[in-house]
Amino acid sequence: MGRIKEKFRELQEKNKAALICYITAGDPDIEFTEQIINCMEASGVDMVEIGIPFSDPMADGPVIQAASERALKNSTSVSDVLSLVSRIRSSSDIPVILFGYYNPFFSYGTERFAHDAREAGADGVLVVDLPPEEAGELGVHIEREGLDRIFLLAPTSTEERIEMVLENASGFIYMVSVTGVTGARPDMNYDLEDLVGRIKSRSDVPVGIGFGVSSARQATAIASFSDAVIVGSALIRIIEDGGTQRQEVLENISSFTKEISAACLR
Amino acid sequence: MGRIKEKFRELQEKNKAALICYITAGDPDIEFTEQIINCMEASGVDMVEIGIPFSDPMADGPVIQAASERALKNSTSVSDVLSLVSRIRSSSDIPVILFGYYNPFFSYGTERFAHDAREAGADGVLVVDLPPEEAGELGVHIEREGLDRIFLLAPTSTEERIEMVLENASGFIYMVSVTGVTGARPDMNYDLEDLVGRIKSRSDVPVGIGFGVSSARQATAIASFSDAVIVGSALIRIIEDGGTQRQEVLENISSFTKEISAACLR
Amino acid sequence: MGGNNRKYSCPDVGGHFGEFGGRYVSETLMPALIELQRAYREASEDKTFYEEIEYYLKQYVGRPTPLYFARAMTESLGGAKIYLKREDLAHTGAHKINNTISQAILCERMGKDRIIAETGAGQHGVATATVAALMNKECVIYMGEEDTKRQELNVFRMKLLGAEVRPVVSGTKTLKDAMNEAMRDWITNVRNTFYIIGSVAGPHPYPMMVRDFQSVIGHEAMEQILAVEGKLPDTLVACVGGGSNAMGLFFPFIEESEVRKIGVEAAGHGLESDLHSATITAGSVGVLHGSKTYLLQDENGQVKGAHSVAAGLDYPGVGPEHSYFQDTEKVEYVSVTDKEAISAFSFLSEVEGIIPALETSHAIAHVRKIAPSMSPEQTIVICLSGRGDKDIHTASSFM
Amino acid sequence: MGGNNRKYSCPDVGGHFGEFGGRYVSETLMPALIELQRAYREASEDKTFYEEIEYYLKQYVGRPTPLYFARAMTESLGGAKIYLKREDLAHTGAHKINNTISQAILCERMGKDRIIAETGAGQHGVATATVAALMNKECVIYMGEEDTKRQELNVFRMKLLGAEVRPVVSGTKTLKDAMNEAMRDWITNVRNTFYIIGSVAGPHPYPMMVRDFQSVIGHEAMEQILAVEGKLPDTLVACVGGGSNAMGLFFPFIEESEVRKIGVEAAGHGLESDLHSATITAGSVGVLHGSKTYLLQDENGQVKGAHSVAAGLDYPGVGPEHSYFQDTEKVEYVSVTDKEAISAFSFLSEVEGIIPALETSHAIAHVRKIAPSMSPEQTIVICLSGRGDKDIHTASSFM
Ligand SMILES: Cc1ncc(COP(=O)(O)O)c(C=O)c1O
Ligand SMILES: Cc1ncc(COP(=O)(O)O)c(C=O)c1O
């Protein structure tokens with residue numbers, strides 16, 4: 001069983017939704033990314049999504065765009081991220097999902113990437129701009145290496161598309177909470193519950209919800225009907241606000257993730 | 001016999017070409033125009049052409065354009081010019097030709113203008129932009145009042161046009177020395193002699209040459225084959241250069257016209 | 001072209017339209033005008049002349065221009081059906097090229113190797129520089145210094161086309177003075193120079209010739225409206241600066257007295273102010289630039305400076321045939337203010353996605369006044385004389 | 001439209017041209033792309049859809065545009081006969097309107113009340129704002145902040161047409177980033193918003209749809225050249241930014257392998273410099289803006305900033321079908337530098353009196369290289385994709 005599936009099983013026993021945290025690798029440098037991940041794990045984060053920065057993050061809001069730009073200032077590459085995963089894996093079993101846009105993976109070489117990602121100890125891959133229709137080329141290698149293929153579903157997704165995604169997905173389904181780009185939002189659309197229900201009635205792959213989660217209140221609400229709470233921009237904002245005060249950033253991340261993690265308990 | 005004809009007859013006896021001088025009325029004010037005319041007469045000028053300023057002096061070069069603009073600054077009008085003629089006529093018999101563009105005459109009223117011009121003591125009328133084809137309306141009144149109708153001929157004029165002009169002209173023919181606008185020119189086209197010859201073979205109306213005459217040398221050359229030397233821009237330039245030094249202007253005009261007048265002796 | 005009106009027979013051989021028109025020019029130019037008149041007459045009798053013009057109008061200028069049914073404008077005004085004759089789509093962006101291409105072909109026939117022109121808005125200057133480039137002629141454009149500033153883009157265009165642009169600093173430094181200066185150049189260089197006048201103004205044969213060359217607008221419009229509506233339009237509307245686009249639209253309809261024709265002049269800041277260009281509506285008869293016509297002038301016969309936000313209407317004279325149409329009531333002349341024109345400029349842009357020239361906007365503004373009280377069975381044809389790219393800076397400073 | 005090539009059958013149902021194209025977008029957009037694809041297919045089966053497009057192309061855009069024999073250019077180069085397909089005469093001044101009017105009609109059929117677009121040179125933005133005004137839709141245009149500065153006139157035009165122009169300050173602040181931002185808007189407002197993409201780029205069905213809408217250029221050109229020359233042209237030349245004008249000209253000839261087709265990319269400061277936009281000539285395969293295609297990218301798959309003096313070519317990607325044409329050798333791709341383009345800009349202005357867009361000037365520049373060595377029996381058709389009024393300030397600063 002893969003680490004992701006294992007983790008969901010473990011949390012189900014604790015009656016807790018998984019807290020999955022996203023950060024952009026290399027923002028502002030790869031060493032700090034590693035520290036943050038260690039800190040998050042210590043504060044109750046259940047899985048990490050490591051973003052590979054891209055020059056044209058079409059589906060991201062200003063916060064993650066800015067993180068990408070900072071990461072690209074020092075040319076953070078797929079190789080750099082894979083090394084980071086290896087280092088994390090040498091001391092931790094936290095599930096790691098690699099998250100990004102297709103071109104950097106494509107440029108690295110899809111077969112080589114899948115192989116190296118598995119070697120480094122990654123567990124799943126989510127490519128934002130790779131819907132099932134285009135996912136074959138990378139997917140075949142990912143699957144062969146035994147990594148999970150994580151897909152997005154959106155409020156706009158039709159029944160047909162849910163079907164198609166479920167046929168291809170493993171690990172979990174990343175349910176996008178809104179029609180919109182990434183970014184913390186004070187309010188969320190709780191009609192999501194219905195959509196999650198529709199997914200769950202067809203498959204037992206776990207469903208996580210992200211795009212906009214920024215408070216314990218939201219996390220509690222989401223945790224009540226889904227398998228995972230995914231937080232991204234809210235964390236990036238802490239990194240951004242902290243600037244060079246790295247110790248302070250780590251403390252803030254720690255207290256923020258602890259609070260959200262607690263809220264994930266049902 | 002009109003004053004113009006009389007003057008040509010008189011000068012023929014002296015074996016001298018007429019010196020006809022042009023100035024713009026009201027440049028820079030009408031009183032000074034009167035002083036200049038008196039000064040010119042005293043210095044040997046045989047006839048004066050008084051220019052009525054116009055806003056759009058299409059056939060004039062920059063010097064006379066600027067004179068017009070100065071004259072229009074104090075709204076010098078046809079009435080003002082007619083009063084000026086009356087004043088000159090009260091003390092002098094110098095032939096006076098009114099010179100201008102058609103619109104101010106038209107605006108004054110053609111019949112009224114012809115009448116008032118004769119009353120004031122003017123002798124001839126030359127309207128730059130009124131070729132024989134359009135001259136009828138004003139011409140009929142001018143003729144009725146016994147004033148001379150002076151026309152232009154140009155180096156471009158064809159035989160037909162010379163014919164047409166000669167049929168309508170009286171007083172003298174104003175032969176334009178160049179294809180071009182008014183303005184003093186260092187060099188002139190002495191092929192004019194041939195053209196003048198062609199005119200003289202058909203009519204005994206005197207022929208004067210203007211546009212560009214600015215030196216005694218030129219005057220002598222012209223006087224040798226034509227009946228009148230017409231000077232304009234060169235005088236205006238003296239007025240312009242003198243600015244507010246009116247006494248100096250009068251002295252310069254006096255010495256300049258004396259020199260040209262002497263050159264007109266054959 | 002222009003010759004299909006049997007009853008209407010102006011001008012006479014001397015270029016007179018009733019009391020208007022004629023050739024009020026210095027003797028130096030008379031032979032040139034006579035030569036031009038003769039060359040034009042000879043060309044008019046030569047089929048190949050019209051074939052050449054037609055070739056360039058079609059292949060180079062992009063004619064015929066559409067007669068576009070302005071559905072959104074019609075619905076927004078809620079009255080007569082409005083059609084736009086799309087001269088804005090002609091090469092260089094205005095009707096001016098219809099005339100310049102034709103005169104340039106005549107110039108070529110006459111063997112002149114130098115072309116000059118005056119320009120106000122710069123549209124005629126660009127259209128002239130364009131055909132001079134095409135025909136490989138030396139080209140000098142006179143433009144009032146004021147206008148070179150407010151129509152800077154067009155100055156660049158002319159230079160790029162290889163023309164020399166001479167800013168005119170005399171007088172009011174606008175179109176009127178540019179025309180004086182062009183005349184002076186012509187007087188000086190008359191032997192090798194062809195003067196392309198940009199409107200139905202100037203001495204004979206220009207008003208007639210430009211009328212004939214612009215009549216393609218009205219001929220096409222007539223054919224087009226008959227094809228879609230099956231009847232003649234009720235009303236024609238065009239702006240009037242010198243009057244060439246209006247003449248081009250109106251002339252083929254001149255004997256159709258049931259077709260109302262409205263020329264729209266520029267009222268600038270208002271007719272009661274002294275800042276306008278409403279020559280016919282508020283002027284009086286006089287002589288300027290070679291012809292007798294309505295003029296803006298003072299009590300001494302001095303020509304007054306005109307004003308309009310539209311540089312191409314900023315002219316104190318008007319084509320003499322318009323003066324004749326005014327006195328014979330063949331055409332009605334009205335005026336609209338700068339403000340109304342600017343509002344119409346935005347209106348057409350927003351409603352139809354067509355940015356009209358500020359000149360043209362005067363015609364649009366008048367139609368906004370009359371269309372609502374007309375019936376939906378009635379039709380109006382507007383001469384959309386040019387596009388407004390050149391005016392965007394000017395207009396935006398007012399908005 | 002675009003469907004007359006029996007043998008050529010790209011794209012497949014998923015929008016692939018061989019390995020290129022596809023739909024590389026976030027899940028949120030997939031349903032919208034599928035909905036658009038379905039709506040386009042349905043419209044394509046409806047005669048009234050094409051009738052409506054044809055109506056607007058003729059009456060509003062001013063089609064057909066002439067195929068003008070450039071005699072002076074031909075003589076000056078002394079080789080092949082050169083014809084210019086005059087898209088500069090289309091409403092708003094470039095070929096872009098062929099596509100925007102057609103997409104706007106589709107938008108209307110789909111009942112969307114909001115239109116967005118990205119723009120580089122501003123031509124597509126103006127063409128979009130124009131049709132949004134005509135169809136009475138809310139309109140937002142994304143434009144890189146850099147481009148809002150160098151194409152200021154077009155910004156004014158868009159605003160005047162009632163569109164909101166949002167300057168994009170992320171990334172390189174040019175077209176690429178404007179497209180990112182437009183995609184983000186679409187992701188957010190997908191339910192009521194129609195995204196009008198301005199070239200044969202983006203996810204399926206855009207490359208196919210824009211190709212079909214622009215094919216009117218090539219269809220007309222084919223008919224026109226057959227009418228005057230009695231045979232197909234020897235060579236077609238067009239500039240390639242996203243590639244829509246080139247596609248529009250080439251596509252109807254795509255199965256005519258004896259007709260040479262040359263796409264001209266922007267070499268900027270030279271291919272050896274890093275300042276160019278020669279995506280096909282000097283790029284490598286990748287994925288950007290929803291499709292797989294040639295790209296300018298670094299060794300890590302990060303997209304590089306492009307450079308061209310022509311804002312409309314300043315794009316690091318290219319339509320995926322062009323990538324396919326490159327790999328299948330249906331079209332040759334070459335590049336010319338900023339300098340060559342600027343020189344061609346002056347050249348055409350002076351020789352033919354036609355000021356081309358700087359984008360188009362790239363095509364002209366290449367023809368200057370190849371025409372002299374061709375024979376006078378051979379013909380070249382250039383897509384004169386747009387007029388250069390918008391570029392005069394830029395160009396004059398280089399001259
Ligand atoms: C677009 C446009 N319309 C109208 C005019 C006015 O000229 P006319 O009255 O001769 O048509 C101009 C003059 O520049 C113009 O550019
Ligand atoms: C006149 C003109 N030509 C060409 C282009 C390049 O686009 P494409 O390659 O899609 O034709 C543009 C883009 O703005 C343009 O304005």
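- Between the CE atom of D:Met158 and the CD1 atom of C:Ile392 there is a distance of 10.0 Å, given to the nearest 0.5 Å.
- The contact between C:Glu152 and chain D is made entirely by side chain atoms (from C-beta outward), counting heavy-atom distances below 4.5 Å.
- Residues of residues 382-391 of chain C lying within less than 4.5 angstrom of chain D, judged on heavy atoms, are C:Arg387, C:Asp389 in numerical order.
- In this structure, chain D has a heavy atom under 4.5 Å from the backbone of C:Leu67, while its side chain stays farther away.
- A pairwise comparison of heavy atoms in C:His91 and D:Asp88 identifies ND1-OD2, 4.0 Å as the closest pair.
- In plain terms, the two heavy atoms of D:Pro66 and C:Gly62 that are nearest each other are CG-CA, 3.7 Å.
- Across C:Gly353 and D:Thr130, no two heavy atoms sit closer than the pair O-CG2, 3.1 Å.
- In terms of heavy atoms, C:Gln59 sits closest to D:Tyr68 at O-CB, 3.3 Å.
- For C:Arg157, the parts sitting under 4.5 Å from any heavy atom of chain D are the backbone and the side chain alike.
- At a 4.5 Å heavy-atom cutoff, the contact between C:Val61 and chain D is made by backbone atoms alone.
- The line from CD of D:Glu350 to CG of C:Asn136 is 10.5 Å long, rounded to the nearest 0.5 Å.
- Heavy-atom neighbours of C:Glu223 CD from other residues, nucleotides or ligands within 6.0 Å: at or below the threshold of 12.
- Interface residue C:Ala90: only backbone heavy atoms are found under 4.5 Å from chain D.
- Rounded to the nearest 0.5 angstrom, C:Thr92 OG1 and D:Ile355 CD1 are separated by 9.0 Å.
- Shown here for C:Leu89 and D:Tyr60, the closest heavy-atom pair between the two residues is CD1-O, 3.9 Å.
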